[in-house]
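Before any comments, here is the structure.
Each ligand, and each atom within it, is numbered from 1 in the order the structure gives. Sequence positions, counted from 1, serve as the residue numbers for this chain.
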Amino acid sequence: MRKTLYLKFILAYILFAFFGFVTVATFVSRLTYEYCLRQTSGNMYREASRIADTYAVDLYNSEISLDTVQKQMEALSYFMDTEIWIINPSGRMVVNSANAPDPEQEIIVEGFDPTVTKESYYTRGTFFNSFEEEKVSVIAPIINNYKTRGYVIIHTAASGIDEEANSMLNISYLMLIVILFLSLIILIFFTEVVYRPLRKIIAATEQYASGNMHYELNVEGEDEMGYLAASLRYMAQTVANSDDDQKKFIANVSHDFRSPLTSIRGFLEAMLDGTIPPEMHEHYLGVVLNETERLTKLTNSLLTLNNLNTKGMLLHMTDWNINDVIRKVSASFEQVCRSKNIRIRLILSGDVLYVHADMDKIQQVLYNLVDNAIKFSGSGSVIEIETTEKGGKVFVSVKDNGIGIPKEDQNQIWERFYKTDLSRGKDKKGTGLGLSIVREIIRAHGENISLVSTQGVGSKFTFTLKRSELNDELDDDDL
Ligand code: ADP
């Protein structure tokens with residue numbers, strides 16, 4: 001059987017109850033008995049000493065008659081529920097509260113020895129065979145003129161003390177039962193509050209481990225269990241989403257690879273079987289080359305994205321002049337711009353503007369943004385790249401007067417493979433990966449990128465970078 005937490009608790013509870021009873025039955029029972037014996041015999045001894053110092057001394061001094069003392073002792077013993085004796089050192093009975101001694105007939109306690117109590121002030125037994133049942137007896141000497149004249153002895157039934165001890169012990173048992181009952185309540189409480197939710201959580205983790213991420217875990221509450229369950233639910237949801245994302249991603253990749261491959265294959269087959277005449281081959285080989293370029297671009301973008309995600313993006317942070325890099329990037333588009341009759345206008349803050357970032361990656365961001373701006377702009381339009389500084393940040397924006405991005409698409413364009421319907425006609429080579437790469441890079445820098453766009457008017461992408469402290473040193477030099 002599996003050793004569950006619950007079983008362990010039940011076992012601990014049973015052990016607790018068992019040892020509780022054993023302790024009460026042995027240790028506590030002995031302590032209680034000893035306590036009762038000490039209490040009773042202490043009281044009896046005090047009474048015996050008092051009698052020895054008063055009545056008994058008076059009796060030996062003949063200041064009071066034997067009969068009076070006998071009567072007094074009878075009354076006292078009735079009141080105390082004891083038996084009181086006064087005996088001579090030789091053991092001869094002088095007064096006996098239970099049975100007045102006959103002056104004619106001498107009663108001797110055979111073998112009487114006053115040291116029988118040893119260190120304590122009581123003795124338990126039949127008191128030199130004077131009784132049939134067990135008694136607890138105390139002995140107090142009667143001292144007159146520095147001589148021991150006799151002894152006052154008080155007996156009480158040992159069974160009386162046993163009964164008293166037992167009734168006290170019953171209280172201990174009752175307390176133990178109350179404690180066990182209360183701890184049972186704690187056990188039940190524990191079951192409801194900890195054990196049951198824990199079982200549910202374990203069942204859920206087993207389901208999650210076997211891949212059923214949509215299993216419903218219904219443990220609610222504001223306590224640690226509720227928090228744990230909520231975290232697990234969140235984790236399962238995230239894994240389920242990422243599973244879905246992965247499936248979507250693979251479907252997109254396959255689709256994007258399949259269409260160029262199908263068209264390449266179609267053209268090549270048509271050339272081979274003569275459907276496309278040889279004089280047209282050059283034209284169609286150009287189309288095929290175009291398609292392979294698209295495949296290369298797609299593969300490169302996927303590799304870049306994969307590297308960005310898996311390596312947790314290792315950034316090579318340096319201080320460099322963003323204005324310079326913008327100039328270089330826009331220069332690399334010169335040819336395309338000329339062919340599309342598009343002008344790039346640079347509105348740069350100062351001559352040099354240092355930023356603290358990974359130069360290669362930001363260059364890629366700029367490249368992707370400018371590439372999009374050109375792709376989605378019509379002939380004769382102007383693209384503006386602007387840098388500004390504000391509060392320790394450098395703002396870089398790429399603005400075009402192109403087709404714009406519809407409101408409903410503005411959140412999705414950052415997702416992998418997403419393309420707006422508007423753009424499909426304009427850009428057949430697009431992969432829909434460019435902006436996800438851009439967002440990953442900017443996020444890895446701990447910076448932001450935003451978009452303002454109006455359909456049919458144009459778009460403006462703005463991202464922030466950390467301003468380098470080198471700028472301040474340069475300013476100081478200028479002064
Ligand atoms: P790609 O450009 O390769 O298709 P991106 O991730 O760079 O992929 O862009 C995703 C989509 O966002 C584009 O397909 C296009 O629909 C839209 N988009 C991006 N930039 C612009 C822009 N400057 N103007 C209009 N639409 C844009």
For ligand 1, is there an atom lying under 4.0 Å from some heavy atom of [X]?
{"X": "G402", "result": "no"}
{"X": "N368", "result": "no"}
{"X": "R416", "result": "no"}

Separation between CD1 of I201 and CZ of R196, rounded to the nearest 0.5 Å: 14.0 Å
Atoms in ligand 1 flagged as close to [X], the criterion being non-hydrogen separation under 4.0 Å:
{"X": "K375", "value": "1 (P), 2 (O), 3 (O)"}
{"X": "L433", "value": "6 (O), 8 (O)"}
{"X": "I405", "value": "18 (N), 21 (C), 25 (C), 26 (N), 27 (C)"}

For [X], is at least one N or O under 3.5 Å away from an N or O on ligand 1?
{"X": "N372", "result": "yes"}
{"X": "D400", "result": "yes"}
{"X": "G432", "result": "yes"}
{"X": "L435", "result": "yes"}
{"X": "G434", "result": "yes"}
{"X": "K419", "result": "no"}

Extract all donor-acceptor atom pairs below 3.5 Å that involve side chains of residues 271-284 and protein atoms in other chains or at least two apart in sequence.
{"residue": "D273", "atom": "OD1", "partner": "T275", "partner atom": "N", "Å": "3.0"}
{"residue": "D273", "atom": "OD1", "partner": "T275", "partner atom": "OG1", "Å": "2.4"}
{"residue": "D273", "atom": "OD2", "partner": "T275", "partner atom": "OG1", "Å": "3.4"}
{"residue": "H281", "atom": "NE2", "partner": "I276", "partner atom": "O", "Å": "3.2"}

Give the C-alpha distance, both sets of side-chain angles, the deciding distance and a yes or no for side-chain hydrogen bond (donor to acceptor under 3.5 Å, both in side chains) between S468 and D319. CA-CA 6 Å; S468 162; D319 296 290; 2.8 Å; yes
Evaluate the ring pair (Phe, Tyr, Trp, His ring centres under 6.0 Å) criterion for residues F333 and Y367: first the C-alpha distance (whole Å), next the side-chain angles of each, then the deciding distance (0.1 Å), finally the verdict. CA-CA 9 Å; F333 283 99; Y367 187 90; 4.8 Å; yes
Anything under 3.5 Å between a donor and an acceptor, one on a side chain of residues 451-461, the other on a protein residue two or more places apart or in another chain? List them.
{"residue": "S453", "atom": "OG", "partner": "I405", "partner atom": "N", "Å": "2.8"}
{"residue": "S453", "atom": "OG", "partner": "G458", "partner atom": "O", "Å": "3.1"}
{"residue": "S453", "atom": "OG", "partner": "S459", "partner atom": "OG", "Å": "2.9"}

May I ask you to identify, for T420, whether its side chain, its backbone, both or neither come under 4.0 Å of ligand 1 on a heavy-atom basis? both
Between F9 and F190, ring centroids under 6.0 Å: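 Centroid distance F9-F190: below 6.0 Å, so yes.
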Would you say the side chain of L465 lies within less than 4.5 Å of the side chain of K393, judging by non-hydrogen atoms?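 SC-SC contact between K393 and L465 ruled out.
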Tell me whether the count of non-hydrogen atoms from other residues, nucleotides or ligands lying under 6.0 Å of CZ in R327 goes above 12. yes
Proximity winner for atom 22 (C) of ligand 1, if only heavy atoms of F417, W414, F376, Y418 are counted: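 Minimum heavy-atom distance to atom 22 (C) of ligand 1 goes to F376.
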Is there a side-chain hydrogen bond (donor to acceptor under 3.5 Å, both in side chains) between N323 and T387? Walk through the geometry before answering. CA-CA 8 Å; N323 289 350; T387 55; 3.3 Å; yes
